[in-house]
Amino acid sequence: MRDQFPFAVARVTRRWRKMLDERLKDLGVTQARWSTMVYLQQGGEGLTQRELASLMAIENPTLVRLLDSLEQQGLIERRPCPNDRRARRLHLTKAGVEFMDELSERAATLREEMLEGISDKDIESTLKVFHKIMENAEKQK
(Lines give C-alpha, C1' and ligand atoms only; values in the text may rest on other atoms or scores of the structure.)
Protein backbone atom coordinates (compact mmCIF):
# COMPACT_ATOMS: atom_id res chain seq x y z
CA MET A 1 0.00 0.00 0.00
CA ARG A 2 2.88 2.38 0.67
CA ASP A 3 4.03 1.93 -2.94
CA GLN A 4 0.58 2.88 -4.23
CA PHE A 5 0.07 5.85 -1.94
CA PRO A 6 1.88 8.62 -3.88
CA PHE A 7 0.28 7.51 -7.14
CA ALA A 8 -3.19 7.48 -5.58
CA VAL A 9 -2.68 11.01 -4.26
CA ALA A 10 -1.48 12.17 -7.70
CA ARG A 11 -4.48 10.54 -9.43
CA VAL A 12 -6.97 12.18 -7.07
CA THR A 13 -5.25 15.57 -7.54
CA ARG A 14 -5.28 15.26 -11.35
CA ARG A 15 -8.92 14.17 -11.34
CA TRP A 16 -9.94 17.06 -9.05
CA ARG A 17 -8.22 19.61 -11.28
CA LYS A 18 -9.62 18.11 -14.47
CA MET A 19 -13.17 18.11 -13.13
CA LEU A 20 -12.87 21.65 -11.80
CA ASP A 21 -11.39 22.77 -15.12
CA GLU A 22 -14.44 21.36 -16.89
CA ARG A 23 -16.77 23.19 -14.52
CA LEU A 24 -14.91 26.49 -15.02
CA LYS A 25 -14.52 26.25 -18.79
CA ASP A 26 -17.36 28.69 -19.45
CA LEU A 27 -15.54 31.34 -17.38
CA GLY A 28 -12.70 31.41 -19.91
CA VAL A 29 -9.78 30.59 -17.62
CA THR A 30 -7.19 27.86 -17.76
CA GLN A 31 -6.12 25.79 -14.78
CA ALA A 32 -2.93 27.84 -14.53
CA ARG A 33 -4.95 31.04 -14.37
CA TRP A 34 -7.56 29.92 -11.86
CA SER A 35 -4.94 28.33 -9.61
CA THR A 36 -2.98 31.61 -9.68
CA MET A 37 -6.13 33.41 -8.58
CA VAL A 38 -6.63 30.91 -5.75
CA TYR A 39 -3.05 31.37 -4.53
CA LEU A 40 -3.42 35.14 -4.71
CA GLN A 41 -6.61 35.06 -2.68
CA GLN A 42 -5.19 32.62 -0.12
CA GLY A 43 -1.89 34.49 0.15
CA GLY A 44 -3.66 37.74 0.77
CA GLU A 45 -4.25 40.81 -1.34
CA GLY A 46 -1.25 42.97 -1.94
CA LEU A 47 1.32 40.22 -2.47
CA THR A 48 4.24 41.10 -4.69
CA GLN A 49 4.87 39.04 -7.82
CA ARG A 50 7.94 37.54 -6.15
CA GLU A 51 5.94 36.54 -3.05
CA LEU A 52 3.24 34.95 -5.18
CA ALA A 53 5.79 33.07 -7.30
CA SER A 54 7.37 31.72 -4.12
CA LEU A 55 3.99 30.71 -2.70
CA MET A 56 3.14 28.90 -5.93
CA ALA A 57 6.63 27.36 -6.22
CA ILE A 58 7.05 28.58 -9.81
CA GLU A 59 9.57 30.79 -11.56
CA ASN A 60 8.88 34.52 -11.76
CA PRO A 61 8.89 34.68 -15.62
CA THR A 62 6.21 31.96 -15.74
CA LEU A 63 4.10 33.91 -13.26
CA VAL A 64 4.51 37.17 -15.18
CA ARG A 65 2.85 35.63 -18.25
CA LEU A 66 -0.03 34.34 -16.14
CA LEU A 67 -0.48 37.71 -14.47
CA ASP A 68 -0.40 39.48 -17.82
CA SER A 69 -3.29 37.34 -19.06
CA LEU A 70 -5.27 37.75 -15.82
CA GLU A 71 -4.75 41.50 -16.02
CA GLN A 72 -5.93 41.54 -19.65
CA GLN A 73 -9.06 39.66 -18.56
CA GLY A 74 -9.66 42.34 -15.93
CA LEU A 75 -9.40 39.91 -13.01
CA ILE A 76 -6.34 41.39 -11.29
CA GLU A 77 -4.47 44.64 -11.19
CA ARG A 78 -0.89 45.51 -10.38
CA ARG A 79 -0.43 48.52 -8.14
CA PRO A 80 2.83 50.27 -7.28
CA CYS A 81 4.39 49.25 -4.00
CA PRO A 82 4.74 52.29 -1.72
CA ASN A 83 7.99 50.95 -0.18
CA ASP A 84 9.71 49.74 -3.35
CA ARG A 85 9.31 51.54 -6.67
CA ARG A 86 10.43 48.43 -8.57
CA ALA A 87 7.79 46.14 -7.04
CA ARG A 88 4.11 45.84 -7.89
CA ARG A 89 1.44 44.63 -5.49
CA LEU A 90 -1.25 42.31 -6.82
CA HIS A 91 -4.94 42.86 -6.15
CA LEU A 92 -8.17 41.28 -7.34
CA THR A 93 -10.44 43.62 -9.28
CA LYS A 94 -14.20 43.70 -8.70
CA ALA A 95 -14.51 41.21 -11.58
CA GLY A 96 -11.77 39.11 -9.95
CA VAL A 97 -13.65 38.98 -6.65
CA GLU A 98 -16.83 37.98 -8.48
CA PHE A 99 -14.86 35.32 -10.37
CA MET A 100 -13.46 33.94 -7.11
CA ASP A 101 -16.94 33.83 -5.59
CA GLU A 102 -18.15 31.77 -8.55
CA LEU A 103 -15.06 29.55 -8.47
CA SER A 104 -15.50 28.96 -4.73
CA GLU A 105 -19.13 28.01 -5.18
CA ARG A 106 -18.39 25.56 -7.99
CA ALA A 107 -15.38 24.12 -6.15
CA ALA A 108 -17.48 23.60 -3.00
CA THR A 109 -20.09 21.71 -5.01
CA LEU A 110 -17.43 19.52 -6.60
CA ARG A 111 -15.74 18.93 -3.23
CA GLU A 112 -19.01 17.75 -1.69
CA GLU A 113 -19.65 15.43 -4.63
CA MET A 114 -16.15 13.95 -4.43
CA LEU A 115 -16.26 13.54 -0.63
CA GLU A 116 -19.71 11.96 -0.63
CA GLY A 117 -19.85 8.96 1.70
CA ILE A 118 -16.63 9.88 3.50
CA SER A 119 -16.98 10.75 7.17
CA ASP A 120 -15.55 13.88 8.73
CA LYS A 121 -13.45 11.60 10.94
CA ASP A 122 -11.88 9.92 7.89
CA ILE A 123 -11.20 13.31 6.30
CA GLU A 124 -9.59 14.52 9.53
CA SER A 125 -7.36 11.43 9.63
CA THR A 126 -6.38 11.91 5.99
CA LEU A 127 -5.48 15.55 6.60
CA LYS A 128 -3.32 14.54 9.58
CA VAL A 129 -1.47 12.10 7.33
CA PHE A 130 -0.95 14.77 4.65
CA HIS A 131 0.33 17.26 7.23
CA LYS A 132 2.79 14.68 8.54
CA ILE A 133 3.98 13.91 5.01
CA MET A 134 4.56 17.63 4.41
CA GLU A 135 6.40 17.90 7.72
CA ASN A 136 8.66 15.02 6.68
CA ALA A 137 9.21 16.59 3.27
CA GLU A 138 10.26 19.89 4.86
CA LYS A 139 12.91 18.04 6.87
CA GLN A 140 14.43 16.79 3.60
CA LYS A 141 15.24 20.27 2.29
Hey, are the side chains of [X] and [Y] touching, using non-hydrogen atoms and a 4.5 Å cut-off?
X: L75; Y: V29; answer: yes
X: D122; Y: S119; answer: yes
X: V9; Y: F130; answer: yes
X: M100; Y: L40; answer: no

Suppose we screen for salt bridge (charged side-chain N to carboxylate O under 4.0 Å, His left out). Which residues come up paired with D26, at least two apart in sequence or across chains? R106
Please report the shortest heavy-atom distance between [X] and [Y], naming the atom on each side.
X: R23; Y: T109; result: NH1-CG2, 4.1 Å
X: T30; Y: D21; result: C-OD1, 4.1 Å
X: A53; Y: L63; result: N-CD2, 3.4 Å
X: M37; Y: I76; result: SD-CG2, 3.7 Å
X: R17; Y: W34; result: O-CZ2, 4.2 Å

Side-chain donor or acceptor of [X] paired with backbone N/O of [Y] under 3.5 Å:
X: S35; Y: Q31; answer: yes
X: T93; Y: G74; answer: yes
X: T36; Y: A32; answer: yes
X: E113; Y: A108; answer: no

Rounded to the nearest 0.5 Å, what separation is found between the [atom1] atom of [X] and the [atom2] atom of [Y]?
X: I118; Y: E112; atom1: CD1; atom2: CD; value: 10.5 Å
X: L24; Y: F99; atom1: CG; atom2: CZ; value: 5.5 Å
X: E77; Y: H91; atom1: CD; atom2: NE2; value: 7.0 Å
X: I133; Y: F5; atom1: CD1; atom2: CZ; value: 3.5 Å
X: N136; Y: H131; atom1: CG; atom2: NE2; value: 13.0 Å
X: Q73; Y: D68; atom1: CD; atom2: CG; value: 12.0 Å

Any chance [atom1] of [X] has more than 12 other-residue heavy atoms, nucleotides or ligands included, within less than 6.0 Å?
X: D120; atom1: CG; answer: no
X: R15; atom1: CZ; answer: no
X: E22; atom1: CD; answer: yes
X: R50; atom1: CZ; answer: no

Please walk me through it: do C81 and R88 pass side-chain contact (heavy atoms from CB on, under 4.5 Å)? CA-CA 5 Å; C81 177; R88 297 275 180 257; over 6 Å; no
[X] with [Y], same ILVMFWY side-chain cluster at under 4.5 Å:
X: V97; Y: L47; result: yes
X: V12; Y: I123; result: no
X: V38; Y: L27; result: yes
X: L115; Y: L110; result: no

Using side chain to side chain contact (heavy atoms under 4.5 Å, CB included) as the criterion, point out the one residue from R78, E51, E71 that pairs with L90. R78
Any ion pair linking K132 and E135 (charged N to carboxylate O, less than 4.0 Å)? yes
Checking side-chain polar atoms at under 3.5 Å, does R89 have a donor or acceptor matched by the opposite partner on T48? no
